[in-house]
Number of protein chains: 2
Amino acid sequence: MLKLSKSVEYAIFAIKYLNYNTEDRLVSTKEISESMKIPYDLLAKIMQRLVKNDIVSSIQGTKGGYYLTKPPGQINLTQIISAVDSEIRLTDCLFDNATEEDCSRIGACSLRSPLNNLQNKIIKLFNSTTLEEII
Amino acid sequence: MLKLSKSVEYAIFAIKYLNYNTEDRLVSTKEISESMKIPYDLLAKIMQRLVKNDIVSSIQGTKGGYYLTKPPGQINLTQIISAVDSEIRLTDCLFDNATEEDCSRIGACSLRSPLNNLQNKIIKLFNSTTLEEII
DNA sequence: TTATATCGGACAAATTTAGTCGTATATAAT
DNA sequence: ATTATATACGACTAAATTTGTCCGATATAA
Ligand code: SF4
Ligand code: SF4
């Protein structure tokens, strides 16, 4: 269906919230969850993935929370999708070292190369779409 | 996951096959199915949708089958996705006359407009990607 | 009349996404 | 030390979507 996942939308909302609230304090998942009306447990996992991908940073413990690792202008859509969902793959074969396990047609498929070009264009578009424009 | 559906891939394979085999004869679903190794019943439905969207034309009955309505250069990815899957919608709200039924945030969502711009760019990219390049 | 084809919708299986739950760990405050 | 509040992590369930199947109807050439 070629849709952004809810998780990606939630991640964008969270980053937006952090961007407006990270002056000298940390923001908790609970605060974002309540303020943006995002299911707490789901958002918690999303935040962890954003941390793992160095988009936000975290401090554990009481009074802990999150803050943006870098300004929104340095965060792009590809990074968020990769962090929160998975790598962008327009088809089952469009990544390095794909084998017949991934798609049995892979050896003789005439679509693979042109679709790879298309995927590169999409990734390029998403690379150039920063959170600054979306927020 | 931002992926092309199998149905879209199958549709492209079918169009490719038609393009190479529609000199003075009709091609049946069975022939495409066997030649391209696509599940017959699924392909049959895909062909019907392509007909409905005027991408291919059909003749019923014995010796019936399909042929391309227009040359591959005049068929683009947006048309195929719309025909075979559904309209491209990057989020639940990104179409004309979306209401709160579609997304409760719709009234006050700051993401909607920028994501709409992004969707337009994707559609533009897909519009400019003709089957001639993919085939 | 028969064989072969498209047409159309209902159905089922498989996969993916969305959301939930339980537990462990970290840390500030009491 | 204990408590309260926070992140971290993984397993699990539920919902939605995609993929594939089945059945009956209609069309038409032989
Ligand atoms: S090899 Fe061809 S059929 Fe298989 S996933 Fe890639 S593009 Fe699709
Ligand atoms: S209104 Fe906002 S939250 Fe709702 S679907 Fe559109 S972009 Fe997403």
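Chain letters run A, B, ... following the sequence lines, proteins first and then strands; every chain starts at 1. The figures that follow rest on heavy atoms only: side chains count, while hydrogens, waters and symmetry mates do not.
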Legend entry - Results of side chain to side chain donor-acceptor pair (under 3.5 Å) for E31(B) - residues two or more places apart only: Y17(B), R25(B)
Legend entry - Y66(A) OH - dT5(D) P separation (whole Å): 17 Å
Inset, instruction - Return the set of residues passing side chain to side chain donor-acceptor pair (under 3.5 Å) with S5(A) (not counting sequence neighbours), or none when no residue passes. - result: D85(A)
Legend entry - Heavy-atom side-chain contact between I80(A) and I15(A) under 4.5 Å: yes
Pairs of donor and acceptor atoms involving the side chains of residues 98-110 of chain B, under 3.5 Å and at least two apart or interchain, shall be tabulated with distances.
residue: T99(B); atom: OG1; partner: E101(B); partner atom: N; Å: 3.1
residue: D102(B); atom: OD2; partner: T99(B); partner atom: N; Å: 2.8
residue: R105(B); atom: NH1; partner: M36(A); partner atom: O; Å: 2.7
residue: R105(B); atom: NH2; partner: K37(A); partner atom: O; Å: 3.2
residue: S110(B); atom: OG; partner: K16(A); partner atom: NZ; Å: 2.6

Inset, instruction - Could you tell me whether the side chain of I46(B) reaches within less than 4.5 Å of the side chain of T29(B), counting heavy atoms only? - result: no
Legend entry - First of L43(B) and S58(A) reached from the 5' end of DNA chain D, by closest nucleotide: S58(A)
Legend entry - Non-hydrogen atoms of V84(B) and A11(B) that approach each other most closely: CG2-CB, 3.8 Å
Inset, instruction - State which residues pass side chain to side chain contact (heavy atoms under 4.5 Å, CB included) with P71(B); sequence neighbours excluded, sorted by chain then number. - result: Q74(B)
Legend entry - Stretch residues 25-36 of chain B: residues that reach within less than 4.0 Å of DNA chain C through a heavy atom: S28(B), T29(B)
Show me the donor-acceptor pairs within less than 3.5 Å that the side chains of residues 50-60 of chain A make with the rest of the protein, sequence neighbours left out.
residue: N53(A); atom: ND2; partner: R49(A); partner atom: O; Å: 2.8
residue: S57(A); atom: OG; partner: T69(A); partner atom: OG1; Å: 2.7

Inset, instruction - Treat primed atoms plus P, OP1 and OP2 as sugar-phosphate and everything else as base, then score nucleotides 22-29 of chain C 5' to 3': B for base contact with protein heavy atoms under 4.0 Å, S for sugar-phosphate contact only, - for none. - result: ----BBB-
Legend entry - Pairing residues for T130(A) by the side chain to side chain donor-acceptor pair (under 3.5 Å) criterion, not counting sequence neighbours: none
Inset, instruction - Report the residues that fulfil salt bridge (Lys or Arg N to Asp or Glu O under 4.0 Å) with D92(B), sequence neighbours left out, ordered by chain and then residue number. - result: K3(A), K6(A)
Legend entry - Distance test, side-chain N/O of Y67(B) to OP1/OP2 of dT6(C), below 4.0 Å: no
Inset, instruction - Enumerate the residues from residues 93-101 of chain B whose closest heavy atom to DNA chain D is under 4.0 Å, giving them by residue number; use none for an empty result. - result: none
Inset, instruction - Using a cut-off of 6.0 Å, state whether more than 12 heavy atoms not belonging to K70(B) lie near its atom NZ. - result: yes
Legend entry - Residues in side chain to side chain contact (heavy atoms under 4.5 Å, CB included) contact with N76(B), at least two apart in sequence or another chain: T78(B), Q79(B), N127(B)
Inset, instruction - Let me know the distance between CZ of R89(B) and P of dA16(D), rounded to the nearest Å. - result: 16 Å
Legend entry - Distance in angstrom units between Q48(B) CD and dA5(C) P, rounded: 15 Å
Can you check nucleotides 10-18 of chain C for protein contacts, nitrogen or oxygen pairs under 3.5 Å, and list what you find?
residue: dA10(C); atom: N6; partner: K45(B); partner atom: NZ; Å: 3.4
residue: dT17(C); atom: OP1; partner: M1(B); partner atom: N; Å: 2.9
residue: dA18(C); atom: OP1; partner: K6(A); partner atom: N; Å: 2.9
residue: dA18(C); atom: OP2; partner: K6(A); partner atom: N; Å: 3.4

Inset, instruction - Check the distance between dT19(D)'s C1' and K37(B)'s NZ and give it to me in whole angstrom. - result: 20 Å
Inset, instruction - Taking the side chain as every heavy atom from C-beta outward, state whether F126(B) and L118(A) have any atom pair closer than 4.5 Å. - result: yes
Legend entry - Value in whole Å for how far the C1' atom of dT6(C) lies from CD1 of I46(B): 15 Å
